[in-house]
Amino acid sequence: MQPIPYFQFRDYPAGLEAEVLQALTAAVGKKNYVLGPEVHAFEEEFGSYLGAAKAVGVGNGYDALVIALKASGVGSGDEVVVPANTFVATINAVLQAGAKPVLAEPDDATYNLTAASAGKRITAATKAILAVHLYGQTCRMPELLQLCRESGILLVEDAAQAHGATYNNQLAGTFGHAAAFSFYPTKNLGALGDGGAVVTSSAALADFARKYRNYGESQKYCSELVGINSRLDELQAAVLRIKLQRLDVLNAERQRLAQVYLQELREVGDLMLPVTAPGSSHVYHIFNIRTKYRDRLQTYLQAQGISTAIHYPVPVHLQPAYQFLNYKQGDFPVAEELAQTSLSLPLFPGLTAQEQQAVVQAVRQFYK
Ligand SMILES: *Cc1c(COP(=O)(O)O)cnc(C)c1O
């Protein structure tokens, strides 16, 4: 048996790689390499895919978060409620915007932030909730939106893992004041390098994002605000335009693979499988299982050539870099438990049935 990677780029659906190469060659031929026709077309197409929202292409998902927060008016003196279990980019973006991240416990079934836990962290200084659609499952948006309305604060979405995911058939990234997407290559909609987008239904916010990503310019050499350089690359936009056409197919394949795991690993040992809440859809950016034997299972699988990953091994509040936030062990028992027990199985478009069966058999064998 060949080793089974945790993730690998494969030509799925067959022919996609050739299409991407062709689009790249065509974009190179247009000789317009910064904020050219491909970026503009992708912004239009991604906006209309999401439905009505405006999309502004930026350099990466982190910048998209920072710009979404700044565009929403988040800054110095503000607090932003964020889930305690997320990738550090979410937290860093809040800090970069000049605000203070205030962590909140995730739900122990969906691992997402809930209105109940976020509500407990709201103070007079809270400006926004930054909800992360973790692993590809949308948060329960109606409750979060209601909480924000009642508290007079904003909702910003970190949709970096949730391209194409929905809540009650509405797409992630279209609920809040603003949303951030990442097009890091392994994301559900991935470029061949870095990329990101700010999404908003507000013309004013989109306008801010468009200026801010390009030195504050509305016209060449006319800066209306102090901006940065965080432009979506023209060639990446050409790649993304092709891949966007296949996003639903790619997500459907992830969902099909997830169903196989959910079926085949049901009631195996002490495994806890991902739960999709009513109303939410899950696009399985990550297929996360939980077991108290996590480290032993990971070692066992690796010995058989099966690679897995851990999202995330140390919660943010226990990382050395974030000691200044003044949290301690025990502050977020759910997040801490997730870090101890979570294991991500190989799941990516192009994973073969034979490979997936090998993973299933190895996991079952572990518990025998
Ligand atoms: C990937 C990711 C980001 C950051 O995206 P980059 O493009 O890598 O900067 C932010 N938040 C979450 C939840 C992510 O998974």
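Residues: numbered from 1 along the sequence shown. First listed ligand is number 1; within each ligand, the first listed atom is number 1.
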Undergrad: Nearest protein heavy-atom contact for atom 15 (O) of ligand 1: which residue, which atom, what distance?
TA: Q161 NE2, 2.8 Å
Undergrad: Can you name the atoms of ligand 1, numbered from 1 with element, that are less than 4.0 Å from a heavy atom of G61?
TA: 5 (O), 6 (P), 7 (O), 9 (O)
Undergrad: Going by an N to O cut-off under 4.0 Å, is there a salt bridge joining R290 and E337?
TA: yes
Undergrad: Could you say whether the N/O atoms of S182 and ligand 1 ever approach to under 3.5 Å?
TA: yes
Undergrad: Side chains of Q137 and T276: any donor to acceptor distance under 3.5 Å?
TA: no
Undergrad: Looking only at protein heavy atoms, identify the closest one to atom 11 (N) of ligand 1 and say how far it is in Å.
TA: D158 OD2, 2.8 Å
Undergrad: Ligand 1 and D194, any nitrogen or oxygen pair closer than 3.5 angstrom?
TA: no
Undergrad: Quick one: nearest non-hydrogen protein atom to atom 1 (C) of ligand 1, plus distance?
TA: K187 NZ, 1.5 Å
Undergrad: Can R241 and E38 be counted as an ion pair, charged N to O under 4.0 angstrom?
TA: yes
Undergrad: So if I count the atoms of ligand 1 from 1 in the order they appear, which ones are less than 4.0 Å from some heavy atom of Y62?
TA: 4 (C), 5 (O), 6 (P), 9 (O)
Undergrad: Quick check for you: to the nearest 0.5 Å, what is the distance between L343 atom CG and R296 atom CZ?
TA: 13.5 Å
Undergrad: Go through the steps for V80 and I129 under the test side-chain contact (heavy atoms from CB on, under 4.5 Å), then give the verdict.
TA: CA-CA 6 Å; V80 177; I129 293 175; over 6 Å; no
Undergrad: With a 4.0 Å heavy-atom cut-off (strictly under), which part of D63 contacts ligand 1: side chain, backbone, both or neither?
TA: neither
Undergrad: If you apply the rule side-chain contact (heavy atoms from CB on, under 4.5 Å), what do you find for I310 with Y312, and how did you get there?
TA: CA-CA 5 Å; I310 297 176; Y312 297 94; over 6 Å; no
Undergrad: Taking 4.0 Å as the limit for heavy-atom contacts, which would you say applies to F87 with ligand 1: side chain only, backbone only, both, or neither?
TA: side chain
Undergrad: Is R10 salt-bridged to E355, going by a charged N under 4.0 Å from an acidic O?
TA: yes
Undergrad: Centres of the Y327 and Y322 rings: under 6.0 Å?
TA: no
Undergrad: Among all protein non-hydrogen atoms, which one is nearest to atom 10 (C) of ligand 1, and what is the separation to 0.1 Å?
TA: A89 CB, 3.5 Å
Undergrad: With the threshold set at under 4.0 angstrom, would you say H285 reaches ligand 1 through any of its heavy atoms?
TA: no
Undergrad: Below 3.5 angstrom, do we get any N/O pair linking V132 and ligand 1?
TA: no
